[in-house]
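Note that these values count all heavy atoms, side chains included, but never hydrogens, waters or copies made by symmetry. From a predicted model like this one, the values you see are computed outputs, not experimental measurements.
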Amino acid sequence: MALNTCEHRKIAILRCVTPQLKYIAFLALSLFTFNVYAFEKQLNLQEAIQWTLKQNPELKIFDFKQTALTGQEQTASLNPAYELEVEAENFAGSGEFNAFDSAELTVALSSVIEMGDKRSARIGLVSKSRALLNAEKEVSALNLMAQVTEKYVEVLAAQQRVILADNALSLAQETLEIVSQRNRAGATPEAEVKRSKAVIAQANLTLQSEQKRLEYLKLSLSAYWGETSVSFSRVTGDLFQFGNDSDFSSLFAKLEKNPAIQVYASEQRLKEAELQLAKTESTANIKWSVGVRRSQEANDTALVAGFSLPLFAEKRNSGAIASALAERDQVAIEKEATKLRFRNHLLRAYSNRKQAILTANSLKQSVIPMLEDALEDTQDAYQKGRYGYLDYVSARQELLNARRTLIDAASAALIYGAEIEKLTNEALSL
């Protein structure tokens, strides 16, 4: 692995001091290096998820929805309102009705007697709406956690690609030194020196590109908790630690724990509440009124009372009940369709994760060690003149390609693992 900037600076200064001062210089530079790293802010996955759940605006929306439901619940709990009715008759007309001598004045109080337990049905509907909202919030939180985990893995992989690009640059510089030595000895043409220098230039560009991509991914990760700048230097974690999978049937059995499935259960209960509310409308409410009537002409006062009851309410409400029944049954079908879709997603993620882990382990345990040995042998043979420049460069490039494929496979395994955790709502065993 290539030395970092602080380590290069330490070696350069130690070469310039006398042996008596080397120990003091080493202590001073080590303290400087420690201070540099002490100010670095490292971020772990748990912190990233906590900040996202606390500060992401997508989840804060649910607080306002809960407040709105509280208002709806207050309204649903109200009894029917009372109405004050004032009615005046036989005044301001013609003839004997041109004044108020023949006027009749009625003051009445009226309201409605709710039948069919409508108030309880309204409160139940709001309660089921609240349960559905909580389930939807859990789904949003789970989706955000999965997105943050995926972005975190991308940053973790980008950090490894920067290290790989730095290693590629070191290998290119080492190649240039070896090629230059052979050129000075007359064993290789000047064209190979130029090609080696071009490879270094390309390696520098690749390193800069990977560093820029890393900064972009870090900023994208920070955006999940509302930051417009990066407040950490690096993320922590082992890109090559995959954990252990359960068998597919066990994972599929855990799909019922997915909040998205629970949303359908909550929605079914909401539709049942809507159906119950629709059924209560089949029982007509009784409107009543009671009051006092004053006759100016007779100078008498009398009580008045009355009630009204709509007819054929059940028949007129049959369409609303049929609609509520259809919506309830539709939710059940949508739930089964979603479970089937989730099963296909789980199968894809499970199979791809298995393949990615197999690829990563094979590269790490056998392919890369063999390519490292092959590069060492090829380099030694090139220096002795038994292999050509292309053999040496090819061996180096094959090793770099294998390391890059290892990073890709490892990040894919972790991302598919995050998808499995989202679908099953349970962490993979380690």
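Taking the six-membered ring for Trp and the full ring otherwise, the centers of Tyr382 and Tyr387 sit at least 6.0 Å from each other.
Considering only heavy atoms from C-beta on, Glu334 comes within 4.5 Å of Gln330 through its side chain.
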Problem set entry | Lys65 and Glu136: CA distance, side-chain angles, deciding distance, salt bridge (charged side-chain N to carboxylate O under 4.0 Å, His left out) verdict | CA-CA 11 Å; Lys65 291 183 177 181; Glu136 290 174 345; 5.2 Å; no
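Just one residue in the list Leu164, Val162, Ile163, Asn167 forms a side-chain contact (heavy atoms from CB on, under 4.5 Å) with Leu207, and that residue is Val162.
If you take CG on Leu423 and CG on Leu142, they are separated by 8.5 Å, rounding to the nearest 0.5 Å. With values rounded to the nearest 0.5 angstrom, Glu372 atom CD is found 12.0 Å from Asp377 atom CG. In this structure, OG1 in Thr106 is found 12.0 Å from CZ in Arg294, a value given to the nearest 0.5 Å. Summarising the geometry, atom CG belonging to Leu144 is positioned 10.5 Å from atom NZ belonging to Lys422; distances are rounded to the nearest 0.5 Å. How far CD of Gln50 is from CG of Leu45: 10.0 Å, rounded to the nearest 0.5 Å. For the atom pair Leu217 CG and Glu210 CD, the distance stands at 9.5 Å (nearest 0.5 Å).
Closest heavy-atom contact between Leu221 and Trp225: O-CZ3, 3.4 Å.
By the 4.0 Å N-to-carboxylate-O rule, Arg130 lies close enough to Glu73 to be salt-bridged with it. Under a 4.0 Å N-O distance rule, the pair Glu215/Lys218 qualifies as a salt bridge. Ion pairing of Glu154 with Arg213 is absent here, as no side-chain N (NZ or NE/NH1/NH2) approaches a carboxylate O to less than 4.0 Å.
The backbone N or O of Ile407 sits less than 3.5 Å from a side-chain atom of Ser411, completing a donor-acceptor pair. The backbone N or O of Thr236 lies less than 3.5 Å from a partner atom in the side chain of Tyr152, making a donor-acceptor pair.
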